[in-house]
Structure formats: structure tokens, C-alpha cells
**Student:** 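Pasting a structure here, questions to come.
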Amino acid sequence: MLIRSHTCGQLRDAQVGQTVRLNGWVNSYRDHGELIFIDLRDRYGITQLVFEPESGVARDVIEAADKLRNEDVVAVEGTVRVRIGGENPKLATGKIEIVVTKLEVLAKTDNPPFLPDDMVKLPNEELRLTHRYIDLRRPSMQKVLATRHKIYQTTRKYFDENSFLEIETPILYKSTPEGAREFLVPTRQVPGSFYALPQSPQLFKQILMVSGCDRYMQICRCFRDEDPRADRQAEFTQIDLEMSFVRRDQIMEMMEGFVRRLWKELTGFDVPPIQRMDYRTAMEEYGIDRPDTRYDLRTKDISEFAGKLDFGVFKTVLEKGKDRPKYYSKKGVVKALRVPGGAEKLTRKLTDGYTEFVKGFGAGGVAVVKIIKGEDGGPKLDTGIAKFLEPMKAEFLALLNCEIGDTVLFVADTYSVATKAIGELRQKVARDMGIVPKPGAEGGPWNFLWVVDFPMFEKNKDTGKWVAMHHPFTSPRDDQMQAFLNADVDDEVTIEGIVSAGYDIVLNGQEIAGGSVRIHDRDVQSKVFKLLGMTPEQAKEKFSFLLEALSFGAPPHAGVAFGLDRLVMNFVGTDNIRDVIAFPKTQIGADLMTRAPSFVPDTQLKDVHIKSLEQPKA
RNA sequence: GGGGCGGUAGCUCAAUUGGUUAGAGUACCGGACUGUCGAUCCGGUGGUUGCGGGUUCGAGUCCCGUCCGCCUCGCCA
């Protein structure tokens with residue numbers, strides 16, 4: 001075989017006159033009879049080959065070249081020369097061409113179901129996933145893989161420089177059925193028992209801290225058997241880390257340094273100091289725990305004002321949980337969103353649609369008012385609930401700093417429903433107003449934000465039980481510890497008010513990392529388990545190894561996990577997570593290329609002591 | 001588990017209100033062609049309209065079921 005001397009992206013006019021060998025795929029062919037052009041492609045680029053009788057090339061080489069088709073794999077030898085037909089400015093190698101003297105066809109292809117061409121419209125994703133090896137040949141997919149690789153390298157270098165050890169943790173892990181559903185793995189050795197695939201290496205990395213490893217990192221696969229979304233796969237990758245002898249500020253500094261390094265390396269962008277926002281502010285002003293700060297729309301709780309209006313819908317809602325504390329999830333609230341310039345841009349059709357939109361989040365509807373220019377030149381309330389607001393007009397306008405041309409949208413419901421609904425509405429309105437900048441990868445801003453001071457616990461709305469908002473190993477914030485230890489498990493108001501030492505990094509409205517200071521005290525950990533409704537026996541059954549580890553000298557420690565797939569998505573500018581994973585799965589967790597998951601023979605099931613309730617379809 | 005969109009030639013799409021033999025571009029096959037670069041020109045092959053049932057004189061089109069893909073709510077400690 002003619003082993004390559006160069007890649008297809010390498011040759012320039014500096015190499016003119018040299019004899020070279022290239023290997024690659026036929027990207028396209030232009031056959032003029034005796035004169036044949038082939039664009040040869042590999043990962044590095046495209047180089048034009050030319051077969052011409054004048055060069056004295058053997059007859060059979062021309063004849064073989066005549067039969068080449070897209071995606072055949074070939075090796076050639078020839079001479080580099082300046083193109084006779086003029087430069088092709090679209091190619092990096094566009095100044096030169098290879099006059100071929102020898103040709104080896106390394107592999108003929110069947111007619112491919114599609115061509116790996118970024119210039120033409122892509123076939124549907126199902127076909128791309130079925131023949132992933134062809135799809136991955138596309139230059140843009142090669143770029144994704146290279147970007148991902150660069151992130152791995154930058155990550156390892158940064159954490160190595162900061163004394164982190166890369167340590168592998170088990171994939172076959174103990175089932176701890178809390179949080180996400182787990183993938184189970186039966187075992188031949190112990191009949192009737194199962195491993196689970198880890199949702200994350202959380203407990204192993206904490207135990208590595210107890211083990212004296214001090215600083216740990218791993219680029220690890222995590223598994224959650226939950227329905228996917230455009231930005232979520234059941235199998236995904238985290239950059240996982242943990243540090244000993246730090247409090248919140250030190251690990252946040254380490255994370256911020258990593259983000260700064262990553263963006264510098266991958267985009268050249270200097271990440272400015274990242275601002276902090278507490279969870280309550282995020283929920284109050286953005287209606288979501290990961291605010292998109294690229295546009296300045298804010299939501300506001302106007303319950304107190306709304307109570308003064310003679311408007312039945314608001315009055316009814318505000319009766320709910322009237323005497324409960326401000327953030328009680330079932331307390332009735334009225335939330336408002338002032339949209340500057342909305343009076344013109346948010347048409348009746350759009351605002352009518354908002355009611356349907358918020359219904360999707362459980363809210364009843366959206367009330368609307370426009371502030372237009374009155375006959376006296378001053379602001380005038382128009383349409384929607386204008387007549388109910390009219391008696392309190394001055395106070396209303398002042399409350400939201402309204403100006404002529406604004407539209408104000410209202411959602412009245414329980415605290416949790418109204419907050420979620422208006423938060424989602426805020427994002428939809430921003431899109432409708434056309435004020436959402438492009439993502440950073442497309443030249444838009446990179447807006448980073450810390451979100452901190454999350455509640456430790458929230459009530460599950462179905463069971464009424466407490467659940468950990470982050471996870472059950474998250475510590476209360478230092479100044480909350482005493483209050484937490486003193487709190488009675490039934491003291492709902494106090495428990496609800498405990499703030500954790502958790503922190504998230506949000507980028508353009510998307511969570512890219514999350515972590516917390518961990519509990520390193522056995523008694524604190526036991527109290528959390530108790531609060532979550534676990535008996536001491538249950539806690540021991542599930543987490544005895546953790547509680548024991550915490551009993552034998554556990555250092556204070558804290559950690560974080562970055563969602564690697566989402567980082568790649570940001571750098572390559574896609575909102576489809578499957579585009580950044582070499583071999584992704586579909587909505588039902590299928591790998592269309594390998595046809596996993598699949599039925600297995602009964603004999604194989606018997607080995608692992610399993611009997612299936614389902615049979616393969618005939 | 002719920003809601004929505006989609007599935008027609010290898011691929012991307014079209015097909016009037018339910019009405020003739022389901023078309024076009026591209027790929028592929030054959031032919032012509034010595035400077036192309038999305039080569040061009042001429043000719044040709046190619047269809048279980050995802051699958052199963054139903055309504056109808058007649059179904060790609062309407063109805064029911066089902067499979068697959070995507071988006072989304074729930075879910076994702």
C-alpha cells in the first residue's frame with residue numbers, strides 16, 4: 001500500500017515539485033473523459049487530485065480513476081504542482097493539485113445512503129445515527145470530536161497543575177434508589193443481586209477525600225434512566241472533582257479558574273469575574289434557578305399591590321395560603337413581567353397564546369395590560385385588565401417603573417406554579433421580542449453567573465416529604481449549621497429556610513456546573529437522612545459505608561461536576577446534545593447503529609438468574 | 001405516563017376537495033466530454049407511500065391501532 005507522506009489538509013505551494021503520497025476518501029469526482037479530477041478527503045482537509053494522459057501516467061490508472069465514486073478509499077502517489085485551472089479559494093490546499101502517477105483502490109464503497117457533506121441538506125437524524133460512521137466523516141462532526149478532545153486535554157492539564165489526581169471509580173456500583181432511576185446490572189456470581197450504574201461517582205469521590213487523596217478529578221460517564229431531552233442523554237459525561245480542606249469560596253475560585261482557562265483555550269475569550277446571585281433573587285426576578293441574563297427582563301411579586309385591586313381572579317388566588325410564609329409553595333401570589341416596548345411588538349395573537357403557554361406549566365392564564373400614550377400625552381392603561389388597574393394606576397406604574405409602550409403580563413397562582421410559569425413566559429417573551437442575543441459560539445455574549453444559597457430541602461408535591469434540593473450529602477452553609485442541628489424535624493418553617501452551601505455556574509440560562517460543600521460530620525449526615533424520612537436502619541442499609549467513613553476522620557471537603565456535553569454544545573454552537581456525542585442514543589435509549597438494547601438468549605439470562613417477562617417479537 | 005410534529009424512490013422533497021400510470025432534483029447505472037472545483041450534456045434503473053386494519057366505486061390523502069424519529073410536560077437526589 002502507498003502509505004501517506006502527508007495528510008489531505010497539509011500541502012501548500014511550498015511543496016510544489018515534491019513527490020507525495022496521500023490516503024483518503026473520494027469526496028467528489030469530476031470526470032471529463034480523459035481528464036479526471038478527484039477531491040480527496042481525510043480528517044485534515046481536501047486535496048485535489050488530477051489524472052491526465054499528458055503526464056505519462058499508465059493507461060490502467062486513468063481507467064481505474066474513471067471508475068472511482070464518492071466515498072471510495074484510495075491511496076495515490078503523484079507530484080505537487082500549482083493548479084493549472086486556477087486557485088480554488090474555498091480550500092486551504094486550493095493553490096495546488098497532485099498529478100497522480102500511481103493509484104491504489106483500498107476499498108470500494110457500496111452506494112452510500114447519504115454523503116458526508118456539510119454543504120447539502122442533512123438527511124434525517126435517524127439515518128445519520130444508523131450510519132453514524134458516515135455522518136462522523138463530515139468536517140463539522142470531525143470538528144466537534146476535536147473540540148471535545150481539546151476540552152479533555154485542557155481539563156486534565158488544568159487540574160493536574162492544581163495537584164488533582166485523576167482516579168477511576170467503579171461503573172458497577174451499589175444501587176441507592178434515590179433520585180434518578182438507575183440502570184441495573186444482574187450478576188452471575190450472586191444470584192438475585194444487582195449492581196447499578198452510577199448516576200454520578202458522588203460517594204466514591206467523597207470517600208476518596210476521607211482516603212486522604214485531597215484533590216480528585218475524573219472525566220466520567222454517568223447514567224440516569226430518565227427520559228431524554230434535546231440537551232439531555234441517559235448516558236452522559238461529567239468533569240467530576242472534589243477537594244479537601246476548603247470551604248465554599250476556595251472551590252468556587254478553583255472552578256472559576258477552570259472556566260477561565262477553558263474559554264481562553266477554546267475561544268480566546270477572557271471570562272470576567274463571575275457575579276453571584278442568590279437563589280431567592282433568581283426565583284424572584286427571573287422565575288428560574290438558572291437565569292438567562294443576556295436580556296434585562298425581570299419578574300416581580302406584586303401580591304401586596306394586587307390584593308388592593310377589585311379583581312376577582314387575583315383575590316381568589318391570594319386567599320390561598322394567606323397566612324403562610326412568603327415562599328410557601330402553595331401560597332397564592334401574583335407575579336408581573338414588565339416588557340419594555342411590548343405594547344407594539346406583543347400582538348394580541350401573541351399575548352392570547354401566552355395563556356395557552358402557561359397552562360402547560362399548570363397556571364390558569366395570563367392577564368395583560370398595555371401602557372399607551374393617552375390623549376393628554378401621559379400614560380394610559382389599555383386592553384386586558386386595564387379597568388381593574390385604573391383606580392390604582394399611579395401606584396401600579398410606579399411599582400413597575402412602567403413607561404409608555406410597555407406591556408405588563410401577570411400570572412396569578414400558587415408560589416411554585418406562578419414562579420415557574422412566569423419564568424418560562426419571560427424566556428418566551430424574550431424570544432418573541434427578538435431580544436435574545438445569539439449564543440456565544442455564534443458571536444453572542446458569554447454570560448456567566450454563579451447561583452448560590454439554595455434551600456437545603458424542598459417538599460415533594462406528591463408525597464409531601466422533604467427531599468434534598470441538590471443531594472443529601474450537601475452541607476448547610478456554615479452560618480446555618482447550628483440552626484439546622486437545633487431544628488426539629490417537624491419545624492417546617494425553619495427547615496424550609498435552611499440554606500445550603502451549594503453553588504451552580506449558569507451560562508446564558510443553562511446550568512453548566514453544580515456542586516456543594518459536603519457534609520463531613522456523621523451526625524449532620526444522619527440528621528439529613530432522618531429529615532428525608534429514612535429510619536436509622538434504612539440509612540445504614542443504603543449508606544453505612546458513607547456513615548462509617550465519616551466516623552473515621554473525614555476532612556472538610558467540597559466538590560463539583562461540570563456537564564461536559566453541554567460545554568461542548570456551547571463551544572460548537574448546537575442545541576442538540578446528540579451532535580456532540582460520537583455515538584448517542586435516541587429518545588427510547590436505542591443505539592440505531594448497533595441496535596442496542598436487544599433481546600438476549602434465555603441461556604444468557606439464566607446465567608445471571610433472570611427470567612424475562614417479554615419475548616422477542618417474531 | 002401525557003401532549004404535539006413527522007415518516008412518499010438510496011437521499012431531499014412535491015402530489016389541488018379522496019379521482020388518470022405517484023413526479024422533480026440528487027445519488028446510482030450507461031454514454032459523450034482535456035481544466036473542473038455543487039463540472040456539463042444525453043439516456044436509463046429505481047416505489048409494500050413505516051406497518052396492520054377500516055370507510056369508500058376509488059385512499060399517499062379520511063378513521064382506528066401500532067412501530068420508529070424529533071420536540072415537550074411529568075421525570076432528571
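Nothing here was measured: the structure is a model prediction, and the numbers come from that model.
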**Student:** Can you tell me whether the side chain of Arg69(A) and the base of C29(B) have a donor-acceptor pair closer than 3.5 Å?
**Tutor:** no
**Student:** Could you tell me the separation between the CD1 atom of Ile588(A) and the P atom of G1(B), rounded to a whole number of Å?
**Tutor:** 11 Å
**Student:** Side chain of Tyr29(A) only, heavy atoms from C-beta on: which candidate in G74(B), C28(B), A77(B) is closest?
**Tutor:** C28(B)
**Student:** Is there a side-chain polar atom (N or O) of Lys121(A) under 4.0 Å from OP1 or OP2 of C11(B)?
**Tutor:** no
**Student:** Indicate whether His32(A) forms a stack on G35(B); treat it as stacked only if centroid distance is below 5.5 angstrom and interplanar angle below 30 degrees.
**Tutor:** no
**Student:** Just say parallel, tilted or perpendicular for the rings of Phe543(A) and Phe529(A), cut-offs at 30° and 60°.
**Tutor:** parallel
**Student:** Could you work out which one of U72(B), C75(B), A77(B) sits closest to the side chain of Ala468(A)?
**Tutor:** A77(B)
**Student:** Without decimals, in angstroms, what is the distance between Ile62(A) CD1 and U34(B) P?
**Tutor:** 12 Å
**Student:** In whole Å, measure the gap between the C1' atoms of A59(B) and U16(B) for me.
**Tutor:** 16 Å
**Student:** Measure from the side-chain heavy atoms of Glu226(A) and tell me the nearest of C73(B), G35(B), C76(B).
**Tutor:** C76(B)
**Student:** For a quick test of reading the model: is some side-chain N or O of Arg30(A) closer than 4.0 Å to OP1 or OP2 of U36(B)?
**Tutor:** no
**Student:** Is there a donor on the side chain of Arg224(A) or the base of C76(B) sitting less than 3.5 Å from an acceptor on the other?
**Tutor:** no
**Student:** Sticking with atom P, work out how far C63(B) lies from C5(B), rounded to a whole angstrom.
**Tutor:** 12 Å
**Student:** With no hydrogens and no angle check, do the side chains of Asp240(A) and Tyr216(A) hold a donor and an acceptor under 3.5 Å apart?
**Tutor:** yes
**Student:** Within the stacking criterion (centroid distance below 5.5 Å, interplanar angle below 30°), does Phe37(A) stack on U36(B)?
**Tutor:** yes
**Student:** Would you check if the side chain of Arg290(A) reaches a backbone N or O of Val506(A) as a donor-acceptor pair within less than 3.5 Å?
**Tutor:** no
**Student:** Write down the partner of G60(B) under the Watson-Crick or G-U wobble criteria, each distance required to be under 3.5 Å.
**Tutor:** none
**Student:** Taking the side chain of Asn111(A) as heavy atoms from C-beta outward, which of A39(B), A27(B), C73(B) is closest to it?
**Tutor:** A27(B)
**Student:** If the P atom of G52(B) is compared with that of U8(B), how far apart are they to the nearest Å?
**Tutor:** 16 Å
**Student:** Between Thr169(A) and Gln218(A), does any side-chain donor sit less than 3.5 Å from a side-chain acceptor?
**Tutor:** yes
**Student:** With the side chain of Ala230(A) defined as its heavy atoms from C-beta on, choose the nearest nucleotide among U72(B), U12(B), U36(B).
**Tutor:** U72(B)
**Student:** Let me know the distance between CZ of Phe361(A) and C1' of G4(B), rounded to the nearest Å.
**Tutor:** 14 Å
**Student:** Mind checking if Leu127(A) touches a base, just sugar-phosphate, or nothing, with heavy atoms under 4.0 Å?
**Tutor:** sugar-phosphate
**Student:** Considering only A77(B), C76(B), U36(B), which nucleotide approaches the side chain of Pro472(A) most closely?
**Tutor:** A77(B)
**Student:** Report yes or no: is the cationic atom of Lys428(A) (NZ for Lys, CZ for Arg) closer than 6.0 Å to the six-membered ring centre of Tyr354(A), at no more than 45° off its axis?
**Tutor:** no
**Student:** What residues in residues 78-96 of chain A put a non-hydrogen atom under 4.0 Å from any atom of RNA chain B?
**Tutor:** Arg81(A), Arg83(A), Ile84(A), Gly85(A), Gly86(A), Asn88(A), Lys90(A)
**Student:** Taking G7(B) as the reference, what is the distance to U61(B) when you measure between their C1' atoms (whole Å, please)?
**Tutor:** 14 Å
**Student:** Let's test this: given Watson-Crick or G-U wobble pairing with both distances under 3.5 Å, identify the partner of C37(B).
**Tutor:** none
**Student:** For G69(B), does the base pair up with any side-chain atom of Arg578(A) as donor and acceptor (N or O, under 3.5 Å, distance only)?
**Tutor:** no
**Student:** For Leu122(A) and U12(B), give me the distance from atom CG to atom P, rounded to whole Å.
**Tutor:** 10 Å
**Student:** Has the side chain of Tyr503(A) got a donor or acceptor atom that lies under 3.5 Å from a matching backbone atom of Ser516(A)?
**Tutor:** yes
**Student:** Should we say atom NZ of Lys540(A) is surrounded by more than 12 heavy atoms from elsewhere, each under 6.0 Å from it?
**Tutor:** no
**Student:** Can you tell me the base-pairing partner of G47(B)? Count Watson-Crick or G-U wobble geometry only, both distances below 3.5 Å, and say none if there is no partner.
**Tutor:** none
**Student:** With respect to the side chain of Asp39(A), which nucleotide from G1(B), C37(B), G69(B) is positioned closest?
**Tutor:** C37(B)
**Student:** For A22(B), give the paired nucleotide (Watson-Crick: N1-N3 plus N6-O4 or O6-N4; G-U: N1-O2 and O6-N3; both under 3.5 Å), or none.
**Tutor:** none
**Student:** Using a 4.0 Å heavy-atom cut-off across all strands, classify Glu125(A) as base, sugar-phosphate, or nothing.
**Tutor:** sugar-phosphate
**Student:** State which of A77(B), U12(B), G35(B) makes the closest approach to the side chain of Glu52(A).
**Tutor:** G35(B)
**Student:** C1' atom, G54(B) versus G18(B): distance in rounded Å?
**Tutor:** 15 Å
**Student:** Going by modelled atom types, is there a donor-acceptor pair between the base of G6(B) and the side chain of Asn124(A) at under 3.5 Å?
**Tutor:** no
**Student:** Which whole-number value in Å describes the distance from Asp225(A) CG to G1(B) P?
**Tutor:** 12 Å
**Student:** Could you please name the partner base of C75(B), counting Watson-Crick and G-U wobble pairs only when both distances are under 3.5 Å?
**Tutor:** none
**Student:** Which nucleotide, if any, forms a Watson-Crick or G-U wobble pair with G30(B), using both distances under 3.5 Å?
**Tutor:** C42(B)
**Student:** Looking at every strand, decide which applies to Glu424(A) at a 4.0 Å heavy-atom threshold: base, sugar-phosphate, or nothing.
**Tutor:** nothing
**Student:** Out of the candidates Arg137(A), Lys108(A), Arg138(A), only one should pair with Glu71(A) under the salt bridge (Lys or Arg N to Asp or Glu O under 4.0 Å) rule; please name it.
**Tutor:** Arg137(A)
**Student:** Nearest-Å distance, CZ (Arg229(A)) to C1' (G69(B))?
**Tutor:** 16 Å
**Student:** Using a 4.0 Å heavy-atom cut-off across all strands, classify Pro228(A) as base, sugar-phosphate, or nothing.
**Tutor:** nothing
**Student:** Report which part of the nucleic acid Ser200(A) touches: base, sugar-phosphate, or nothing (heavy-atom distance under 4.0 Å, all strands).
**Tutor:** base
**Student:** Tell me if a side-chain donor or acceptor on Glu182(A) pairs with a main-chain N or O of Thr176(A) at a distance below 3.5 Å.
**Tutor:** yes
**Student:** Under the ring pair (Phe, Tyr, Trp, His ring centres under 6.0 Å) criterion, do Phe223(A) and Tyr173(A) qualify, and how do the steps go?
**Tutor:** CA-CA 11 Å; Phe223(A) 306 89; Tyr173(A) 176 51; over 10 Å; no
**Student:** For nucleotides C62(B) and U49(B), find the distance between their C1' atoms and express it as a whole number of Å.
**Tutor:** 15 Å
**Student:** I need the CZ-C1' distance between Arg41(A) and C37(B), as an integer number of Å.
**Tutor:** 15 Å
**Student:** Between A77(B), C28(B), G35(B), which nucleotide has the shortest distance from any of its atoms to the side chain of Gln202(A)?
**Tutor:** A77(B)
**Student:** Do Arg280(A) and Tyr327(A) meet the cation-pi criteria used here (NZ or CZ under 6.0 Å from the six-membered ring centre, within 45° of the axis)?
**Tutor:** yes
**Student:** Quantified in whole Å, what is the C1' atom distance between nucleotide C64(B) and nucleotide U45(B)?
**Tutor:** 38 Å
**Student:** Got a second to check how far Leu550(A)'s CG is from His520(A)'s NE2, nearest 0.5 Å?
**Tutor:** 9.0 Å
**Student:** With both distances under 3.5 Å as the test, what is the Watson-Crick or G-U wobble partner of G69(B)?
**Tutor:** C5(B)
**Student:** Can you tell me which nucleotide in C68(B), C73(B), C71(B) comes closest to the side chain of Glu126(A)?
**Tutor:** C68(B)
**Student:** Round to the nearest Å and state the distance from Asp118(A) atom CG to U12(B) atom P.
**Tutor:** 16 Å
**Student:** If I pick the C1' atom on A9(B) and the same atom on G47(B), what distance separates them, to the nearest angstrom?
**Tutor:** 6 Å
